[in-house]
Trainee: 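Have a look at the structure that comes next, please.
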Amino acid sequence: GESVGLHLPTLSVQEGDNSIINCAYSNSASDYFIWYKQESGKGPQFIIDIRSNMDKRQGQRVTVLLNKTVKHLSLQIAATQPGDSAVYFCAEGFSGGYNKLIFGAGTRLAVHP
Amino acid sequence: SAVISQKPSRDICQRGTSLTIQCQVDSQVTMMFWYRQQPGQSLTLIATANQGSEATYESGFVIDKFPISRPNLTFSTLTVSNMSPEDSSIYLCSVGTQTGNTEAFFGQGTRLTVV
């Protein structure tokens, strides 16, 4: 069967390099943003979130940057590993929306040894 | 966190038939949602499953095509009615656990192929 992300833009990186995945969003009223990772045959898995009143948030090996001026979100993955290969989606959420999300287009990350 | 089980995990169905997908959560949750993920694409919200009342559908989705039930706080079903090949997608259940918590949890999805 067709895998997740077959027609999505692909970012190819070497193992150990840093990866930057970008996302443009449209709704200036979004209260928070989330990055999800989706591996083939699985549902999306939460990576990290950021509130709209922040411009940067760091997790383990990941950093999310938010630029509200240009409605742009990025996910930086440090020292990319083969296990990071997946499709990555950004999603917008709204306070009071109770976890109802609007997803961006997605990017497939391919990590090569 | 919440553990979500979807059944079936995949199915191949004849056009014109209907399929009901089940979503079971291991704890009571406030919100349950159904998403569609067409081949190679992102997720699109179909509807919010409301406990004890009719589901709230997003633009482009209607109850006659995608009837939803939510009899309690841990279970919901989505039916894909009168299927056509264009309905071939992954259907995903998602839950939100509490106000102020941004994380929405997803089931593993149901991969539907209509022939």
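Naming: A, B, ... by sequence-line order, numbering from 1 per chain. Everything numeric in this text was worked out from a predicted model, so none of it was measured.
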Trainee: Answer yes or no: are there more than 12 heavy-atom neighbours, outside A/Q14 itself, under 6.0 Å from its atom CD?
Mentor: yes
Trainee: How many angstroms lie between atom NZ of A/K100 and atom CD of B/E58, to the nearest 0.5 angstrom?
Mentor: 4.0 Å
Trainee: Check the surroundings of atom CD1 in B/I63: do more than 12 heavy atoms from other residues, nucleotides or ligands lie under 6.0 Å from it?
Mentor: yes
Trainee: Can you name the nearest heavy-atom pair linking A/A105 to B/S42, along with the distance?
Mentor: O-CB, 3.7 Å
Trainee: Does B/L45 share a hydrophobic cluster with B/M31, counting links as ILVMFWY side-chain heavy atoms below 4.5 Å and allowing steps through other members?
Mentor: yes
Trainee: For residues B/Q41 and A/L8, report the shortest heavy-atom separation together with the two atoms involved.
Mentor: CA-CD2, 4.4 Å
Trainee: Nearest heavy-atom pair of B/A104 and A/L101: which atoms, and what distance?
Mentor: CB-CD1, 3.9 Å
Trainee: What residues of residues 65-73 of chain B sit under 4.5 Å from chain A when you count only heavy atoms?
Mentor: none
Trainee: According to a 4.5 Å side-chain heavy-atom criterion applied to Ile, Leu, Val, Met, Phe, Trp and Tyr, with indirect links allowed, do A/I48 and A/L109 form part of one hydrophobic cluster?
Mentor: yes
Trainee: Applying the 4.5 Å side-chain criterion to the ILVMFWY set and letting contacts propagate, would A/I34 and A/I47 be lumped into a single cluster?
Mentor: no
Trainee: Under 6.0 Å between ring centres: does that hold for B/F106 and A/F46?
Mentor: no
Trainee: A/Y32, B/Y35: one ILVMFWY side-chain cluster at the under-4.5 Å cut-off?
Mentor: yes
Trainee: Write out all pairs satisfying side chain to side chain donor-acceptor pair (under 3.5 Å) with one or both partners inside residues 43-52 of chain B, taking only residues at least two apart or from two chains.
Mentor: B/N50-B/T56
Trainee: Could you tabulate the donor-acceptor pairs under 3.5 Å formed by side-chain atoms of residues 80-90 of chain A, not counting sequence neighbours?
Mentor:
| unit_1 | atom_1 | unit_2 | atom_2 | d |
| --- | --- | --- | --- | --- |
| A/T80 | OG1 | A/D17 | O | 2.7 |
| A/T80 | OG1 | A/S19 | OG | 2.7 |
| A/D84 | OD1 | A/R61 | NH2 | 2.9 |
| A/D84 | OD2 | A/R61 | NH1 | 3.0 |
| A/D84 | OD2 | A/R61 | NH2 | 3.3 |
| A/D84 | OD2 | A/Q81 | N | 2.7 |
| A/S85 | OG | A/P82 | O | 3.2 |
| A/S85 | OG | A/V111 | N | 3.1 |
| A/Y88 | OH | A/D84 | O | 2.5 |

Trainee: Can you measure from CD (A/Q38) to CG (B/L92) and round to the nearest 0.5 angstrom?
Mentor: 6.5 Å
Trainee: Side chain from CB out, backbone as N, CA, C, O: work out which of these in A/Y36 comes under 4.5 Å of a heavy atom of chain B, or both, or neither.
Mentor: side chain
Trainee: Tell me every residue that passes side-chain hydrogen bond (donor to acceptor under 3.5 Å, both in side chains) with A/Q76, counting only those two or more places apart in sequence or in another chain.
Mentor: none
Trainee: Above 12 or not: heavy atoms from other molecules or residues under 6.0 Å from NZ of A/K68?
Mentor: yes
Trainee: Is chain A contacted by the side chain of B/L43, its backbone, both, or neither, given a heavy-atom distance below 4.5 Å?
Mentor: both
